[in-house]
Amino acid sequence: MKKIYLLILLLIGLSLSACSSVTQDGAPSGYVDFDAIPNAVPKVLPESRYGNPPSYSVLGRTYYVRKTAVGFDERGIASWYGTKFHGRLTSTHNRYDLYAMTAAMRTLPIPSFVQVSNLENGKQVIVEVNDRGPFKDNRIIDLSYAAAGKLGILQRGTGLVEVRAIDPRTWNQQQSYPSYAESPTLQRPGNPQIYIQVGAFSQAPSAERILSQLHKEINQPSRIDTAMSNGMKLYRVQVGPLPSVNVSDIVNKRLESLGYQHS
């Protein structure tokens, strides 16, 4: 009877070990020549039947799918996904290939094509958005293993990037966007800075009130930055600059606990 009991414990242990290995994500074994993997080629494709609902909810949050990707330009933190999802169905009902130049984004129509620029080293890639995600806070794009390798962000797991939508109707292979906007307020590649935007207000007193609260609750620098939007001046309350992605994740959690749910 004791032998049977030990055998059952052994089988349970092996089962738990197998489950834990399945849930871990990572890189495939063996050398991969990322330079030999070509960028995705922007082209006009039919919209996915499955990947473009007007809205959808994940982990208690609702996301609204954009009608077009044209004009999309955003800077933030990129992550990547690998072996855990290799072969699984994407939002287009195609299977994820970690060696293909693809990405997941929350609200761009599927499929879309975007140019992703690493703001720290200036490297650029073109990927096809064919999946939904990332749903971790403070991330704007989930890159395939191949795309992350070409951008040079595999080792750290994240990178600071700019994502610009490509209009395949006007794209040609010689075309490329600069890896940063021509603005003195933006950092050049090699020296990016991380800010978390808490809110944007049309009236300065509203921004100043939030800033005062942050000074009491957040042990990080914060500021009010101004910008124009549709001819209107906005006062943007931001925490930063922050020294790393890990610190930004910690600050983001703290902001959520204070009621700032959409930083």
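The figures that follow rest on heavy atoms only: side chains count, while hydrogens, waters and symmetry mates do not.
More than 12 heavy atoms of other residues, nucleotides or ligands sit less than 6.0 Å from atom NZ of Lys43. Other residues, nucleotides and ligands place no more than 12 heavy atoms under 6.0 Å from the CD atom of Gln203. Atom CG of Asp33 is surrounded by more than 12 heavy atoms from other residues, nucleotides or ligands within 6.0 Å.
What you find for Phe135 and Leu59 is that their closest heavy atoms are O-CD1, 4.1 Å. Residues Lys123 and Asn121 approach most closely at N-OD1, 2.9 Å, considering heavy atoms. Contact record, Ser144 with Ala100: OG-O, 2.6 Å, taken as the closest heavy-atom pair. Of all non-hydrogen atoms in Tyr235 and Lys233, the two that sit nearest each other are OH-CD, 3.7 Å. Across Pro109 and Ala69, no two heavy atoms sit closer than the pair CG-N, 3.7 Å. Considering all non-hydrogen atoms of both residues, Asn39 and Ile126 come closest at OD1-N, 3.1 Å.
When side chains are defined from C-beta on, Arg95 counts as touching Leu89, because their heavy atoms get closer than 4.5 Å. Between Ile210 and Ile224 there is no side-chain heavy-atom pair separated by less than 4.5 Å. No side-chain heavy atom of Phe201 sits under 4.5 Å from any side-chain heavy atom of Arg209. Looking at Gln220 and Val247, their side chains come closer than 4.5 Å, going by heavy atoms from C-beta outward. In this structure, the side chains of Val127 and Val114 come closer than 4.5 Å at one or more pairs of heavy atoms. At a threshold of 4.5 Å between non-hydrogen side-chain atoms, the residues Ile110 and Arg132 count as touching. Using a 4.5 Å cut-off on side-chain heavy atoms (C-beta onward), Asp249 and Arg139 make contact. The shortest distance between side-chain heavy atoms of Met101 and Pro38 does not fall below 4.5 Å.
Residues passing the side-chain hydrogen bond (donor to acceptor under 3.5 Å, both in side chains) test with Asn246, sequence neighbours excluded: none. The side-chain hydrogen bond (donor to acceptor under 3.5 Å, both in side chains) check on Arg106 picks up nothing, with sequence neighbours excluded. Under the side-chain contact (heavy atoms from CB on, under 4.5 Å) criterion, Tyr64 pairs with Ser55, Thr62, not counting sequence neighbours.
For the atom pair Ile218 CD1 and Leu211 CG, the distance stands at 11.5 Å (nearest 0.5 Å). Atom CD of residue Glu162 and atom CG of residue Leu119 lie 6.0 Å apart, to the nearest 0.5 angstrom. The CG atom of Leu234 sits 7.5 Å away from the CZ atom of Arg236 when rounded to the nearest 0.5 Å. With rounding to the nearest 0.5 Å, the separation of OG1 in Thr92 from CD in Glu128 is 7.5 Å. The OG1 atom of Thr107 sits 11.0 Å away from atom CG of Asn52, with the distance rounded to the nearest 0.5 Å. Rounded to the nearest 0.5 Å, atoms CG (Asn130) and CG (Leu108) are 12.0 Å apart.
A distance below 6.0 Å separates the ring centres of Phe34 and Tyr145.
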Pair Leu160-Val245, side-chain contact (heavy atoms from CB on, under 4.5 Å): steps then yes or no
CA-CA 9 Å; Leu160 304 180; Val245 172; 4.1 Å; yes
Residues Asn118, Val125; criterion side-chain contact (heavy atoms from CB on, under 4.5 Å); working and verdict
CA-CA 9 Å; Asn118 186 331; Val125 298; over 6 Å; no
Derivation of the side-chain contact (heavy atoms from CB on, under 4.5 Å) call for Tyr56 and Val65:
CA-CA 8 Å; Tyr56 65 97; Val65 177; 4.1 Å; yes
Worked check of salt bridge (charged side-chain N to carboxylate O under 4.0 Å, His left out) between Glu256 and Arg61
CA-CA 13 Å; Glu256 285 187 351; Arg61 292 189 179 181; 2.8 Å; yes
Any chance you could lay out the side-chain contact (heavy atoms from CB on, under 4.5 Å) test for Glu120 and Arg156, step after step, and finish with the verdict?
CA-CA 13 Å; Glu120 297 173 271; Arg156 287 195 328 201; 2.6 Å; yes
Full working for side chain to side chain donor-acceptor pair (under 3.5 Å) between Glu217 and Tyr260:
CA-CA 12 Å; Glu217 302 286 355; Tyr260 301 105; over 6 Å; no
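Cation-pi contact between Arg223 and Tyr195: present, with separation from the ring centre below 6.0 Å and deviation from the ring axis of at most 45°.
Following chains of ILVMFWY side-chain contacts shorter than 4.5 Å, one cannot reach Val163 starting from Tyr63, and the two form parts of different hydrophobic clusters. Connection of Leu258 to Ile250 is not established within any shared hydrophobic cluster, with ILVMFWY side chains joined at heavy-atom distances below 4.5 Å, either directly or through further cluster members.
Relative orientation of the Tyr81 and Tyr96 rings is parallel, given thresholds of 30° and 60° on the angle between their planes.
The closest donor-acceptor contact from the side chain of Lys150 to the backbone of Ile37 lies under 3.5 Å. A donor-acceptor pair under 3.5 Å is absent between the side-chain atoms of Asp142 and the main chain of Pro134, judged by distance alone. Using modelled atom types, one side-chain atom of Ser48 and one backbone atom of Tyr50 make a donor-acceptor pair closer than 3.5 Å. Judged by distance alone, with hydrogens and angles left aside, the side-chain atoms of Asn230 form no donor-acceptor pair with the main-chain N or O of Met232 at under 3.5 Å.
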